[in-house]
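Following: one structure in structure tokens, then a few remarks.
What's counted below: heavy atoms across the whole structure, side chains too, no hydrogens, waters or symmetry copies.
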Protein chains: 2
Amino acid sequence: MTEVLDGPSLRFDAAFRESFRDLVLWRRDVRRFRRDPIDPGLVHSLIDLASHAPSVGHCQPWRFVLVESAACRAAVKESFSRANAKAAESYRDLQRERYIRLKLEGLEDAPVHLAVFADETTQAGGGLGRQTMPEMLRYSVVAAVQTLWLAARAEGLGVGWVSILEPKFVCRMLEVPETWTLVAFLCVGRPVEEHLDPELERHGWQEGLSAEQIIFRR
Amino acid sequence: MTEVLDGPSLRFDAAFRESFRDLVLWRRDVRRFRRDPIDPGLVHSLIDLASHAPSVGHCQPWRFVLVESAACRAAVKESFSRANAKAAESYRDLQRERYIRLKLEGLEDAPVHLAVFADETTQAGGGLGRQTMPEMLRYSVVAAVQTLWLAARAEGLGVGWVSILEPKFVCRMLEVPETWTLVAFLCVGRPVEEHLDPELERHGWQEGLSAEQIIFRR
């Protein structure tokens, strides 16, 4: 479907843009979830929308695994505990105390666990656009994750991305093909509370950077 | 700012969610741009919103470089031409003919060129969340890119992600610190036309995948 434009697009108005800005600002990495179950149809619709993210060569390399069995959920939680204990050891003194006090995942309570992989050997897309930048395959999966995250937030759901995990162990426990790379492990559910500021700002771990620190000209 | 929730969030209503779905569906990888200049304040506001994307340990590793000089723009275009000619050689017969006919970038016409990097040695975030998955740093930058892409689309702007480039050559020509990794090179401008279907579907390169091909259970 094509639409030749005569002027600026009117599809999205100022009110929508303002709400979209709110959506981006109020999206959070959620670690405190209610246990209420989430309608499977809603989860399916979020994945469907995420699959309209951009992908290199239109290869759609995302593979979404709903982690539902008690054994698989326990294995992931175990992997987090191990990786987190090891990470804590790398900090010293006050920073270690601070690290240990942070709540870094909501695996226990989140009703939905979603592991998102990149299929590294997909034939889709015929390799277009990734000969000099093969990492584009995994980047495409991240674009889908961020799309899902925003869509979930618009539904009043929270998402938490858990990266303190052992990717190879998780792949083995979930018995996915060896050619899949774990890109993201997501907890999804209703958040206990909402915040405008990132949890790690609120707890004094890391401040926001200024425009001067991130924008340059050449 | 905290808001303790009593029920489902009412911040985003059904009308917003419908428009957000349209935004995701009508976002395209644009390769045909008008040459009209874009207000620098608008570009700045897009980058500002993108910088509210999630980042591992809140490390905000994104570095946005506005590529404005004729010399830098020419170097990027030259890198594309070289990488694209090499990519074309990897295809045979009908697929090569098809590849050559595809328009894969809009570097010549797009008024804004934005190179997006990951600062691999940032101290922000204190390494939190990326000890077992160091790639999270670059993934955070991709989340910012997808946020900027959607925000641009809501403003009637098109974005094209050019990955047929030699990343090391581009880094050298743009004289960025050696510790920065090129994650994305974006063309931004007003699109000549709008499409609901991806360019690579429309031109018979790659079809969309079905839900059965991307959703699994464990």
key: Contact check, side chains of A:Val162 and B:Met133, non-hydrogen atoms, under 4.5 Å   = no
query = Does B:Leu150 reach the side chain of A:Leu150, with side-chain heavy atoms less than 4.5 Å apart?
reply = yes
Give, as side chain, backbone, both or neither, the part of [X] having an atom under 4.5 angstrom from any heavy atom of chain A.
{"X": "B:Ser90", "value": "side chain"}
{"X": "B:Pro54", "value": "both"}
{"X": "B:Glu207", "value": "backbone"}
{"X": "B:Val65", "value": "both"}
{"X": "B:Arg27", "value": "side chain"}
{"X": "B:Gln131", "value": "side chain"}

ask   = Between CH2 of A:Trp149 and OG1 of B:Thr147, what distance do you get to the nearest 0.5 Å?
value =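 A:Trp149 atom CH2 to B:Thr147 atom OG1 measures 10.0 Å (nearest 0.5 Å).
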message = For the CH2 atom of A:Trp180 and the CZ atom of B:Phe216, what is their distance to the nearest 0.5 Å?
response =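 CZ of B:Phe216 is found 4.0 Å from CH2 of A:Trp180.
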inquiry  = Just so I understand: if I count every heavy-atom pair under 4.5 Å between each of B:Pro198, B:Cys72, B:Ala184 and chain A, which residue has the most?
reply    = B:Pro198
query = Among A:Asp22, A:Leu128, A:Val141, which residue forms the greatest number of heavy-atom pairs with chain B at distances under 4.5 Å?
reply = A:Leu128
ask   = With under 30° as parallel and over 60° as perpendicular, where do the rings of A:Trp161 and B:Tyr139 fit, or are they tilted in between?
value = tilted
key: Residue A:Glu68 excluded, over 12 heavy atoms near CD under 6.0 Å   =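 Enclosed.
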request  = Taking all non-hydrogen atoms of both residues into account, name the closest pair between A:Cys59 and B:Leu209 and its distance.
outcome  = O-CD1, 4.2 Å
message = Test side-chain contact (heavy atoms from CB on, under 4.5 Å) on B:Phe16 and A:Phe16; report intermediate values, then the result.
response = CA-CA 7 Å; B:Phe16 172 77; A:Phe16 171 76; 3.4 Å; yes
